[in-house]
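The block underneath contains the structure these notes are about, expressed in structure tokens.
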Protein chains: 2
Amino acid sequence: MLPPLRRARILELLRKDGMATLKDMSEALGVSMSTLRRDVDYLGESGHLERTHGGAMLNEDRRRALELEPAIASELESNAKRAIGYAAAELILTGQTVMFDSGTTTAAAARAARDRGIPFTAVTNDLAIAGLLSSSPSIRVLVVGGFVRTGTSTLLGPEILRAVSRLRADLVFIGTHALTPDDLSDTSADLADLKRSFVEAGERAIALVDTSKIFSRAFCSFANTRELDRVITDSRIRPEDLQALRDRVEVEIVSERE
Amino acid sequence: MLPPLRRARILELLRKDGMATLKDMSEALGVSMSTLRRDVDYLGESGHLERTHGGAMLNEDRRRALELEPAIASELESNAKRAIGYAAAELILTGQTVMFDSGTTTAAAARAARDRGIPFTAVTNDLAIAGLLSSSPSIRVLVVGGFVRTGTSTLLGPEILRAVSRLRADLVFIGTHALTPDDLSDTSADLADLKRSFVEAGERAIALVDTSKIFSRAFCSFANTRELDRVITDSRIRPEDLQALRDRVEVEIVSERE
DNA sequence: GAAGATCATGAATTATCTTGAAAGTACCTG
DNA sequence: CAGGTACTTTCAAGATAATTCATGATCTTC
């Protein structure tokens with residue numbers, strides 16, 4: 001069995017329950033623990049899954065489709081995402097206006113920003129982010145109106161484009177489905193249009209990217225990396241990718257703690 | 001059992017009652033006190049729960065921020081509210097546009113409407129209502145943008161007034177803080193303005209009122225009872241109040257089941 | 001087409017981590 | 001303040017992980 005196939009089947013196994021032990025997987029695939037360990041470590045470093053002692057579980061984004069309990073989802077939120085969110089929140093100054101694109105990485109930034117306790121104005125098209133921020137009395141939260149994308153907490157639509165294009169923000173946090181050294185892209189034209197308008201509305205645009213998304217390409221490009229003011233990602237980025245990216249834009253690498 | 005799963009299940013247990021003893025949890029999960037103690041301490045340090053002597057409880061702030069829907073599902077929603085919501089949802093016809101005012105009673109109507117499974121378009125200024133409707137693929141959900149009222153899931157502000165005044169709906173469900181035979185009123189001018197625009201935007205306006213609110217008066221009046229097409233309330237209304245109300249508007253009394 | 005290099009694999013060894021229990025300490029409660 | 005309960009610390013056993021090496025397969029290179 002070819003290694004890529006084996007790795008695909010590991011992810012397939014994980015999709016069943018969201019997590020599995022190494023022992024179970026080695027038996028299911030008929031390979032030795034050594035080989036399986038190497039595969040799982042590889043998939044962990046590339047961000048496709050998360051290692052745990054004795055097993056592995058799906059990457060947060062891939063797990064989302066399984067719709068676990070929110071409390072569980074939050075506990076399983078990756079350290080990388082938390083660290084990226086924390087670094088992003090550090091950039092916010094008192095009184096600024098900050099836009100949060102829809103997504104889990106930007107949600108991590110929103111949570112970290114809330115926990116910093118400084119007053120600022122937030123603008124978002126994500127119901128979950130709005131919910132997170134609403135508990136803090138020092139944060140003014142503006143939700144741009146639009147249609148809910150079924151099964152998600154994202155707001156979309158022409159109304160939103162108009163609303164966003166009228167706004168100016170000091171800081172914009174953008175999530176992305178895929179990032180290459182050249183551009184950022186996402187899965188649908190709707191989303192791409194919206195993210196495009198977010199980038200344009202901000203004085204500074206910061207892309208928050210976890211490494212499972214890095215250097216793949218999705219359907220619709222929505223921004224050039226040179227337009228960004230910074231990319232914040234985690235330390236699992238490959239050195240050669242980092243170099244290619246640094247030729248275009250300032251890159252901040254966060255270290256996952258704990 | 002993998003450690004992350006065990007920790008997730010601890011949070012799951014806590015979500016049921018809000019708190020639990022270490023002993024109960026160790027038995028429920030089938031792990032030793034030592035292990036459980038380590039997990040609970042870990043979750044305490046990461047902010048997911050609060051330690052107490054002999055047990056643990058869910059972090060209150062986190063509970064609300066994480067999940068908008070379960071907060072409504074809990075005791076907040078009385079049987080009366082459920083019954084009112086059910087009766088309201090019965091009024092919706094396939095393909096109609098329905099506006100949901102912000103509030104727990106209207107949220108009950110939204111939930112019942114979602115569970116009926118018929119396709120319609122919903123308009124709301126409530127994050128929680130949008131969240132619970134978004135899970136149904138047959139419902140188009142439009143969120144009117146605005147500022148979040150701190151500590152609630154209500155959207156407010158001038159943008160929303162403009163947006164609502166441009167819309168037309170077949171049906172509008174209105175919650176109210178207080179109801180007299182003459183008028184409906186609420187606590188702040190902002191809210192009253194908004195509810196006023198909701199009433200005007202709808203072909204038919206239906207007030208959903210549970211009896212704890214009936215026949216009191218709040219600060220700002222926002223509509224005359226004669227403008228309403230119907231009031232839905234529960235059977236605990238006093239007979240003389242019911243009579244006074246029926247002189248002005250059609251009243252539907254629901255019986256609380258269970 | 002053969003010799004050498006490179007790589008993937010699995011086994012064996014050693015190191016590290018997790019777990020549960022035991023012993024001692026601090027803390028609530030009556 | 002006495003008795004029980006919960007907490008902390010420590011340790012040993014088992015499980016998991018990292019490291020190393022031998023083997024066989026594939027790929028280069030001549």
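This is a predicted model, so every value here is computed, not measured. Below, chain A is the first sequence line, B the second, and so on; all start at residue 1.
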Minimum heavy-atom separation for Leu58(B) to His48(B), with atom names?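 Shortest heavy-atom separation between Leu58(B) and His48(B) comes out as CD1-O, 4.1 Å.
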For Ile253(A) and Ser235(A), which heavy atoms make the closest approach, and how far apart are they?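 Between these two residues, the closest heavy atoms are CG2-CA, 3.5 Å.
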Looking only at N and O atoms, is any donor in the side chain of Arg38(A) or the base of dG10(C) less than 3.5 Å from an acceptor on the other one?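 By the distance-only test, yes, there is a pair.
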Base of dA11(C) paired with side chain of Ser32(A) (donor-acceptor, under 3.5 Å):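 Donor-acceptor pair under 3.5 Å: no.
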Does Arg37(B) have a side-chain nitrogen or oxygen under 4.0 Å from the phosphate oxygens OP1 or OP2 of dC7(D)?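 Yes, Arg37(B) has a side-chain N/O under 4.0 Å of OP1/OP2 on dC7(D).
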Measure from [atom1] on [X] to [atom2] on [N] and round the result to the nearest Å.
{"X": "Leu36(B)", "N": "dA6(D)", "atom1": "CG", "atom2": "P", "answer": "12 Å"}
{"X": "Leu2(A)", "N": "dA8(C)", "atom1": "CG", "atom2": "P", "answer": "11 Å"}
{"X": "Lys23(B)", "N": "dC7(D)", "atom1": "NZ", "atom2": "P", "answer": "11 Å"}
{"X": "Asp39(B)", "N": "dT18(C)", "atom1": "CG", "atom2": "C1'", "answer": "10 Å"}
{"X": "Tyr42(A)", "N": "dA8(C)", "atom1": "OH", "atom2": "C1'", "answer": "14 Å"}
{"X": "Met33(A)", "N": "dA8(C)", "atom1": "CE", "atom2": "P", "answer": "20 Å"}
{"X": "Asp41(B)", "N": "dA6(D)", "atom1": "CG", "atom2": "P", "answer": "15 Å"}
{"X": "Arg51(A)", "N": "dT16(C)", "atom1": "CZ", "atom2": "P", "answer": "17 Å"}

Side-chain donor-acceptor contact under 3.5 Å, Ser153(B) with Asp126(B):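 Yes - a donor-acceptor pair under 3.5 Å links their side chains.
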What does Thr52(B) touch in the nucleic acid at a heavy-atom separation under 4.0 angstrom: a base, only the sugar-phosphate, or nothing?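 Here Thr52(B) touches the backbone only, sparing every base.
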So does Gly54(A) get a backbone contact from the side chain of Thr21(A), meaning a donor-acceptor N/O pair under 3.5 Å?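 No; zero donor-acceptor contacts below 3.5 Å.
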Going by heavy atoms in the side chains, are Leu127(A) and Leu155(A) under 4.5 Å from each other?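 Yes, their side chains come closer than 4.5 Å.
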His53(B) has a side chain; which of dA17(D), dA6(D), dG20(C) sits nearest to it?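 For the His53(B) side chain, the nearest candidate turns out to be dA6(D).
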So if I take every side-chain heavy atom of Ser34(B) and compare against dG10(C), dA17(D), dG20(C), which nucleotide ends up nearest?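 Side chain of Ser34(B) sits closest to dG20(C).
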